[in-house]
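Here's the structure we're looking at; comments come further down.
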Amino acid sequence: MERDAAVATALIAAARELSLRLSRLSFGPPVSHVYDPLTYAWSGYECYLLRYAASARRILFLGMNPGPFGMVQTGVPFGEVAAVRDWLGISVDVAKPVRENPWRPIEGFACARSEVSGRRLWGLFRERFGSPESFFAEHFVANYCPLAFFDRGRNLTPDKLPAAEAAPLLAACDDHLRLLVSVLQPAWVIGIGAFAGQQAVAALAGMSVRSGRVLHPSPASPAANRGWAAAATRQMQALGVWS
């Protein structure tokens with residue numbers, strides 16, 4: 001991979017600024033707990049940026065927000081523990097958040113639960129590209145929103161928040177996405193799932209980047225459970241992004 005230290009430096013600064021901006025927001029019931037992995041799991045995300053945000057990228061994959069057994073535990077987008085440790089080669093100490101959710105404790109890389117979405121996503125990239133270096137030569141994976149929301153043990157996605165709470169959250173995430181695109185200069189932003197795809201189209205209107213979408217790999221999706229990797233590959237090929 002080409003390396004340009006200024007890219008990772010810019011994205012590290014942008015992530016810190018986004019985390020600070022979001023720390024000023026508050027969320028009411030049914031949200032019982034909010035996790036920001038860019039604080040307690042910062043070491044994982046910083047390592048990911050330093051290692052793999054090395055220069056401009058042709059394709060930016062954009063997820064929605066951290067999963068409870070993925071980025072919430074490792075700090076890496078779609079960060080299923082085995083994929084992050086064994087394929088991406090990242091294993092760091094993860095701290096505890098200031099207010100831990102007893103129904104979703106932070107175990108870091110000791111977490112024994114597998115984040116299915118992350119296992120499927122990184123599994124496809126491993127199968128298609130072989131090495132992380134080959135994949136990241138043209139691709140990068142980020143999340144639109146860095147916060148995870150919980151109603152006790154239940155995961156709440158950002159699209160389920162009341163409009164008044166969602167508005168400042170989405171505004172901050174839109175600004176961060178535009179900065180990501182200005183730094184990474186992708187030709188394509190590919191939303192992983194409908195929400196990320198819609199937010200990308202709206203946030204990036206007027207910018208010289210093309211937008212597309214692939215099926216979300218969530219086990220809650222019957223279509224994804226019928227063969228997500230093959231379906232996503234077909235969608236990428238139909239867009240003309242992959243050959």
Minimum heavy-atom separation for [X] and [Y], please, with both atom names.
X	Y	answer
V183	A10	CG2-CB, 4.1 Å
I190	M236	CG2-SD, 4.0 Å
A148	N65	CA-ND2, 3.8 Å
V72	P37	CA-CG, 4.1 Å
L215	A231	CD2-CB, 4.3 Å
T39	S19	CG2-OG, 3.5 Å

How about [X] and [Y]: do any of their side-chain heavy atoms sit closer than 4.5 Å?
X	Y	result
P97	D36	no
H33	R99	yes
W228	V116	no
P66	N143	yes
Y48	T74	no
R16	L20	no
V92	Y45	no
I12	E46	yes

[X] side chain vs [Y] backbone, donor-acceptor pair below 3.5 Å:
X	Y	value
Y52	V141	no
R210	A187	no
R58	V241	yes
R51	G89	yes
R178	A203	yes
W42	G75	no

* Hey, would you say the F27 and F150 ring centroids sit under 6.0 Å apart? -> no
Tell me whether [Y] is reachable from [X] by hopping between hydrophobic residues (I, L, V, M, F, W, Y) whose side-chain heavy atoms are closer than 4.5 Å.
X	Y	value
L62	V201	no
V34	W103	no
M207	V189	yes

Roughly how far apart are [X] [atom1] and [Y] [atom2], rounded to 0.5 Å?
X	Y	atom1	atom2	value
L22	E17	CG	CD	9.5 Å
S131	L88	OG	CG	11.0 Å
L239	R234	CG	CZ	13.0 Å
L11	L179	CG	CG	7.5 Å
D159	L161	CG	CG	8.0 Å
D174	L169	CG	CG	9.5 Å

* Asked: Run the side-chain hydrogen bond (donor to acceptor under 3.5 Å, both in side chains) check on S55 and R57 step by step: do they pass?
  -> CA-CA 6 Å; S55 64; R57 293 289 180 261; 2.7 Å; yes
* Can you check side-chain contact (heavy atoms from CB on, under 4.5 Å) on Q73 and I106, steps first, answer last? -> CA-CA 6 Å; Q73 302 293 340; I106 298 303; 4.0 Å; yes
* Measure the acute angle between the ring planes of F135 and F61, then classify it against the limits of 30° and 60° as parallel, tilted or perpendicular. => parallel
* To do: Please identify each residue that fulfils side chain to side chain donor-acceptor pair (under 3.5 Å) with W242, with sequence neighbours left out.
  =>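 Side chain to side chain donor-acceptor pair (under 3.5 Å) list for W242, sorted by chain: H139.
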* Asked: Got a sec, which pairs hit side-chain hydrogen bond (donor to acceptor under 3.5 Å, both in side chains) with one end in residues 187-205, sequence neighbours left out?
  ->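 Pairs touching residues 187-205 that pass the test: Y144-Q199.
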* Among residues two or more places apart or on two chains, list those pairs meeting side-chain hydrogen bond (donor to acceptor under 3.5 Å, both in side chains) that have a residue in residues 114-124. =>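 For residues 114-124: E80-S114, S114-R119, R120-N225.
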* To do: Please assess F140 against V7 for the test side-chain contact (heavy atoms from CB on, under 4.5 Å), listing each intermediate value before the final yes or no.
  => CA-CA 12 Å; F140 193 70; V7 171; over 6 Å; no
* R113 NZ/CZ over F69 ring centroid, <6.0 Å and within 45° of normal -> yes
* To do: Walk me through it: do V76 and M71 pass the test side-chain contact (heavy atoms from CB on, under 4.5 Å)?
  => CA-CA 5 Å; V76 176; M71 187 175 181; 5.7 Å; no
